[in-house]
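Data first, discussion second: the structure below is written as structure tokens.
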Amino acid sequence: MTDETTRHELSARFDSTGIEAPVYARWLERGGFHVDAANVAAPYVIAIPPPNVTAALHMGHGLNNTIQDVLVRFQRMRGRDAVWIPGTDHAGIATQNVVERDMAKEGLTRHDVGRDRFVDRVWEWVDRYGSTIIEQLKTMGCSCDWERTRFTLDEGLSRAVREVFVRLYAKGLIYRGNYIINWCPRCLTALSNEEAEHQEIQGKLYHIRYPLADAEGEYVVVATTRPETMLGDTAVAVHPEDERNRNLVGREVELPLVGRRIEVIADEHVDPEFGSGFVKVTPAHDPNDFEIGLRHDLERVDIMNGDATIGDEAPSAYRGLDRFEARKRVLEDLESLGLLVEVEDHEHSVGHCYRCGTAVEPRLSLQWFVRMKPLAEPALEAYRDGRLRFHPERFGNTYEYWMTSVRDWCISRQLWWGHRIPVWYCQECDGMIVTLDDPSACTTCGGAVEQDPDVLDTWFSSWLWPFSTLGWPADTPDMEALYPTHTLSTAPEILFFWVARMVMAGLEFTGDLPFTDVLLHGTVRDVQGRRMSKSLGNGIDPLEVVRRFGADAMRFTLVSSAALGTDLQLDHEDLDSSFRVGRNFANKMWNAVRFGLGYLTEDDLQTVPTDTRLELTDRWILARFAATAAAVTDALERFRLHDAAETTYQFVWGEFCDWYLELVKARLRGDRGEESRSAAGATLAFVLDGWLRLLHPIMPFITEEMYCHLPGRNDEDSLLHGPWAAADLEQLAAADAESAVTGLQEIVGAVRNLRSDYGIDPSKRVGVMVARAPASVAAAVADELEGLLRLGRMSSLEIVGSIPAGEPGAHAVLRSGAEVFLPLAGIVDIEKERDRIRSEIERLESLLEGSRRRLEDPRFVEQAPAEVVKREREKSRSCEERLSLLVEKRAVFGSG
RNA sequence: GGGGCCUUAGCUCAGCUGGCUAGAGCGCUACGUUGACAUCGUAGAGGUCACUGGUUCGAGUCCAGUAGGCCCCACCA
């Protein structure tokens, strides 16, 4: 689109359709996102939080990936070798569930087809749907280095997983043991502590009588929220110092419904104040009881099957019942025996499977664990000594707390989809082999070996992501050039699951922090403040938003609504209200550029325009641009993307479009001669080009498209690699131009205000007088007269020595000290004018009073910074001046 | 039971190291087809910055407490 005709045929309304795809295709064709490890001088690397391979894009992805793209594009434009590593996660439970559900439609379970065929089927699924989200990221404009796309089950990454398992095992940091773990009876697998989500449940506390075995009529009362577990009780405990009850220690009770005799023991865990002071002890079904059992060498009676039905260790009457069914039955039976003493409401929290929502069952089972303490120490140290930073900072507390109270990590999962645990058991002797390469026989006795059937927790591969994606454990050029990475952007809810563990893994296996800055973004919510979710049906499909409003509009809206550390609300029922801001802004940009293109020539586009030809407004907008560029750069460096968006928006719309374009129109048309036209053209082109750069990280498509339309440029050009903003922007500072133009804006503002107050027909041009304007403002008025006349709908704007006394008209006294007068013979309303002046006097008086009070306080003058005192004096003086003028005016209108 | 966050215009929220005559977008009211833009322009109304106390020359901003809302963590049955 380089020829003249096309250029001038840009439609008045910006339509993202038909622009985004070709622009993205151009970037890809040129390999614009790829960086060769051999050529890396100043790396900037982000590893994407790999979405689940079966996931479809939602707004959370929209936000997070926009943030990452902004950061990557910003650094790429600044000349860094920016690499954004994309990929997906095999997401063990989630993916297995999806495929199982799919199979269920055919009436099949995974057990019907067997392990190998099931895994094949998941792979087919992944091959078919696995690239969906990657394609969606492209639609959003994400500038990932697609040549580096990885999947956690790739051969290389799987190798890394094995390497880590073997290393940790050799170091004694991985062990296998029988412990109480969180078990999901629906997914039929162990879960880690993090995967059990605690929810407050409005439950009951049941008080049950356990008769003493050899004393008719005597009993103890235990309290429990899960009465069905009594079938597995193997003791009753009291606190060793419980005065009331410790005399019973050593006696036996007869477990109702079961008949087993169990001992009363003394254990510190019991809170003598709670309930009756007796605790039923079920070592196989409660983590605390398990610990008690260890201390007292209690029997562990496991009464439940994996699917949470009652098992063979329980009395036959209950076998086969689901746990909740069994609870009901147990309660009924206790009730009929007169042993259920009391039922009270009791709120408590119960773990739920983070994938399917089923209430987790604490279950005794043989699992693999990672010892976390030794890994946590260096990870904590890295945070404490400031090498690892969180944005917002407060998440450091959360991280620190988790690291100091971290518990061992259960990593084995009874699933089929995932990395198989690299452990083999000998079928002949008790040999166990933990090895990188599949063994063919037992290394001790030569017997046949069989691999552990379990797979590893998904997060056991995710925690290696920042380096496994770069080829670790091999010493690859990518590892050499691109590791460690720099920024990690993610949602706070996976701080423990993922972020904390990556830090541990990075330090343990590579000796480096995997990244230095962790950006935790907010949550996308609906208008009621609820999280967006499939089940609530309140989600927003980013692709629909892109289709209707454009990717840039979506990205701008997301970035500008998400201040660092805060959640953002979007209306899923009214996408228009949610994304209008971004769409309108894109349209504004489009039209501003469209306007510029009507006047600019190739010669206008040059380096920083600093010639003496520059006029006041040129110097003003250049100064404003320099300030904006500095603020935006600073904001992006500090991860304050919202500020960057806000600042540019205000500059482009509120200063560039509202004032500069308006003031410069006549000059661009050549009304003031070629010298003036070319100064305006050069300035316009420079500033336009400049803010396109500033906005490119946030709105890559429209900025690229517009950039290529600028005179002398074509599709071969690109903003992708910057430069970010021209060097030497400091030289553009022009405090004098800034204050002069502010003075002009005030005058126009006052005229518009007066017109509006007096209801003057917008089509009627008025003559205006200005007195007492500072010299610089007066000069500026003369320079920019025609523009000002148009903006204020004035027929004339005269600089006068003083406003003629007694003439009927409207007055305004400005902050610059200038006085604006609008003669209104026959129109002016004396009463109204008097009121206007009076209220202005009142306002200024109260302002002045406050200011004086401050200045009269010697402590303020002595202790406040000189700059503040100076400003206060100026404010005071300006108020006084304006007041005295207004008082004079009032005299003219009578004191009323 | 611990820890954290929030409470600023009708709505959604900015306001980072205390100096504010408290901002933005949307909405509202009035007016407007001004040759880039009605996805626009102009003006306006609208706020005791939750409450109470403290620190300070000065507090929306810091500290303590109160009230309301939210989140994270947690093996008291």
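In what follows, chains are A, B, ... by sequence order, proteins preceding strands, each numbered from 1. Predicted, not measured: the structure shown is a model, and the values here were computed from it. Heavy atoms only: backbone and side chains are in, while hydrogens, waters and symmetry mates are out.
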Legend entry - Base-contact (B) and sugar-phosphate-only (S) positions in nucleotides 3-15 of chain B, heavy-atom cut-off under 4.0 Å, - elsewhere: -SS------SSSS
Inset, instruction - Between protein and nucleotides 28-41 of chain B, map the contacts as a letter string: B base, S sugar-phosphate only, - none, heavy atoms under 4.0 Å, written 5' to 3'. - result: ---SS-B-BB-BSS
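The minimum heavy-atom distance between A/Tyr399 and A/Leu495, with the atom names listed, is N-CD2, 4.2 Å.
When heavy atoms are screened at a 4.0 angstrom cut-off, A/Thr224 is found touching the sugar-phosphate backbone but no base atom. Base contact: A/Val279 has a heavy atom under 4.0 Å from a base atom. When heavy atoms are screened at a 4.0 angstrom cut-off, A/Gln650 is found touching the sugar-phosphate backbone but no base atom. Within 4.0 Å of A/Asp271, counting heavy atoms only, lies at least one base atom of the nucleic acid. Residue A/Pro858 is out of contact with every strand shown, counting any heavy-atom pair closer than 4.0 Å. Within 4.0 Å (heavy atoms only), A/Val281 reaches no atom of the nucleic acid at all. Among the heavy atoms of the strands, none lies under 4.0 Å from A/Arg531. Heavy atoms of A/Lys875 sit under 4.0 angstrom from at least one base atom.
Put simply, the side chain of A/Glu200 and the base of B/A74 share a donor and an acceptor less than 3.5 Å apart.
The P atoms of B/G23 and B/G60 are separated by 14 Å, rounded to the nearest whole Å. Comparing the C1' positions of B/C72 and B/U12 gives a spacing of 24 Å, expressed to the nearest Å. Separation of the C1' atoms belonging to B/A67 and B/C26 is 30 Å when rounded to the nearest angstrom. Annotation: B/C49 and B/U61 have their P atoms spaced 10 Å apart (nearest Å). Across B/A14 and B/G54, the matching C1' atoms stand 28 Å from one another, rounded to whole Å. Rounded to whole Å, the separation between the C1' atoms of B/C40 and B/U21 comes to 30 Å. The separation of B/C11 from B/U48, taken at their P atoms, amounts to 13 Å, rounded to a whole angstrom. Of the P atoms belonging to B/G2 and B/A24, the separation is 43 Å, rounded to the nearest Å.
In this model, the phosphate group of B/A77 is approached by a side-chain N or O of A/His346 to a distance below 4.0 Å at OP1 or OP2.
One can place CZ of A/Phe496 at 7 Å from C1' of B/C72, the figure rounded to the nearest angstrom. B/U56 atom P lies 10 Å from atom CZ of A/Arg859, rounded to whole Å. Look at CE on A/Met403: it is 15 Å from P on B/C73, rounded to the nearest Å. Following rounding to the nearest Å, A/Glu291 (CD) and B/C76 (P) show an atom-to-atom distance of 13 Å. When the P atom of B/A77 is taken as reference, atom CG of A/Leu205 falls 8 Å away, rounded to whole Å. The distance between atom CG of A/Asp574 and atom P of B/G27, rounded to the nearest whole Å, is 10 Å. One atom, CG of A/Leu847, and another, P of B/G19, lie 17 Å apart when rounded to the nearest Å. Residue A/Glu655 contributes atom CD, which lies 13 Å from atom P of B/A24 at whole-angstrom precision.
Between A/Glu880 and A/Arg877 no salt bridge is recorded (no basic side-chain N to carboxylate O distance below 4.0 Å). Note on A/Glu849 versus A/Arg853: salt bridge recorded, some NZ/NE/NH1/NH2 to OD/OE distance being below 4.0 Å. A/Arg815 and A/Glu746 are not joined by a salt bridge, as no carboxylate oxygen comes within less than 4.0 angstrom of a charged side-chain nitrogen.
With A/Phe595 as reference, A/Leu668 is the one residue of A/Leu688, A/Leu668, A/Leu600 to meet the side-chain contact (heavy atoms from CB on, under 4.5 Å) rule.
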Indicate every side-chain donor-acceptor pair of residues 582-589 of chain A with a distance under 3.5 Å to a residue at least two apart or in another chain.
from: A/Arg583; atom 1: NH1; to: A/Asp576; atom 2: OD1; distance (Å): 3.4
from: A/Asn587; atom 1: OD1; to: A/Phe14; atom 2: N; distance (Å): 2.9

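In A/Lys832, the NZ atom is crowded: over 12 heavy atoms of neighbouring residues, nucleotides or ligands sit closer than 6.0 Å. Heavy atoms from other residues, nucleotides or ligands lying under 6.0 Å from CD of A/Glu867 number more than 12.
Take A/Glu845 and apply the side chain to side chain contact (heavy atoms under 4.5 Å, CB included) test, not counting sequence neighbours, and it matches A/Ile841, A/Leu883. Taking A/His198 as the reference, nothing meets the ring pair (Phe, Tyr, Trp, His ring centres under 6.0 Å) condition, with sequence neighbours excluded.
Not less than 6.0 angstrom separates the ring centroid of A/Phe278 from the ring centroid of A/Tyr210.
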Inset, instruction - Under the side-chain hydrogen bond (donor to acceptor under 3.5 Å, both in side chains) rule, what do A/Arg594 and A/Asn591 come out as? Steps first, then yes or no, please. - result: CA-CA 5 Å; A/Arg594 199 163 70 98; A/Asn591 274 292; 3.0 Å; yes
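In this structure, of B/C20, B/U21, B/A24, it is B/C20 that holds the atom nearest to the side chain of A/Arg871.
Where pairing requires Watson-Crick or G-U contacts shorter than 3.5 Å, the helical stems of RNA chain B with at least three consecutive pairs are B:1-7 with B:67-73, B:10-13 with B:23-26, B:28-32 with B:40-44, B:50-54 with B:62-66.
Looking only at side-chain heavy atoms (C-beta outward), A/Arg882 and A/Ser878 come within less than 4.5 Å of each other.
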